[in-house]
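All of these numbers come straight from a predicted model, not from anything done at the bench. All heavy atoms count here, side chains included; hydrogens, waters and symmetry mates do not.
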Amino acid sequence: MDADSAQQTCSFCGEAGRRDQAMVGGLGAFMCGSCLDYYAGVVADYRATGVEVPPPWHTMSDADLLGKLPLIAQTGAQVDRFLADWVAMLRTREISWAEIGRALGVSRQAAWERFTG
């Protein structure tokens, strides 16, 4: 288990990580063990039957959908932090702001302003 799992949020259910629960993933998306088990079953069922299960939000109430908005925003912030960490790692390797900007599809100046402020 990653030492930072308590700071991660499951990108599927929105639950905050805990030190006693493993989180898997990468590139800013993480999945808790409960979601991993559930979606492993969904994939296994799809492989066996060819029938795709619709996402759970299609049957959620309006109140439940509204309740998930803060969790979605939280996982978006997690991706932003992950991106900032990668940019910082690239800068320690002396990768230029121009190269980082090109990779992100923005100018050198826009990359610098976003990640140095």
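- With hydrogens and angles ignored, the 3.5 Å screen pairs a side-chain donor or acceptor of S11 with a backbone N or O of F30.
- Surrounding OH of Y46 are at most 12 heavy atoms belonging to other residues, nucleotides or ligands under 6.0 Å away.
- Contact check for I100 versus W112: no side-chain heavy atoms found under the 4.5 Å cut-off.
- A continuous path of Ile, Leu, Val, Met, Phe, Trp and Tyr side chains, each step under 4.5 Å between heavy atoms, connects V42 with M31, placing both in one hydrophobic cluster.
- Atom CG of D45 and atom OH of Y39 lie 13.0 Å apart (nearest 0.5 Å).
- The side-chain hydrogen bond (donor to acceptor under 3.5 Å, both in side chains) test applied to S96 returns E99, not counting sequence neighbours.
- Between C10 and C13, the shortest heavy-atom contact is SG-N, 3.5 Å.
- To the nearest 0.5 Å, atom CD1 of residue I72 and atom OG1 of residue T9 are 12.5 Å apart.
- With contacts defined as side-chain heavy-atom distances shorter than 4.5 Å, the pair F115/R91 does not qualify.
- The list of salt bridge (Lys or Arg N to Asp or Glu O under 4.0 Å) pairs with a residue in residues 57-77, not counting sequence neighbours, is empty.
- In this structure, the side chains of L36 and V24 come closer than 4.5 Å at one or more pairs of heavy atoms.
- Side-chain atoms of Q74 never come within 3.5 Å of backbone atoms of G14 as a donor-acceptor pair (strictly under, hydrogens ignored).
- Two residues are said to be in side-chain contact when any heavy atoms from C-beta on lie closer than 4.5 Å; Q78 and Q8 meet this criterion.
- R114 and D80 make their closest contact through NH2-OD1, 3.7 Å (heavy atoms, listed as atom of the first residue, atom of the second, distance).
- Scanning all heavy atoms of the two residues, the minimum distance from F82 to L27 falls at CE2-CA, 3.0 Å.
- Between the side chain of R102 and the main chain of V106, no donor-acceptor pair closer than 3.5 Å is present.
- The shortest side-chain heavy-atom distance between L83 and L104 falls under the 4.5 Å cut-off.
- Between T75 and F12, every side-chain heavy-atom pair lies at or beyond the 4.5 Å cut-off.
- Note on Y38 and V43: separate hydrophobic clusters, where clusters join Ile, Leu, Val, Met, Phe, Trp and Tyr whose side-chain heavy atoms are under 4.5 Å apart, directly or indirectly.
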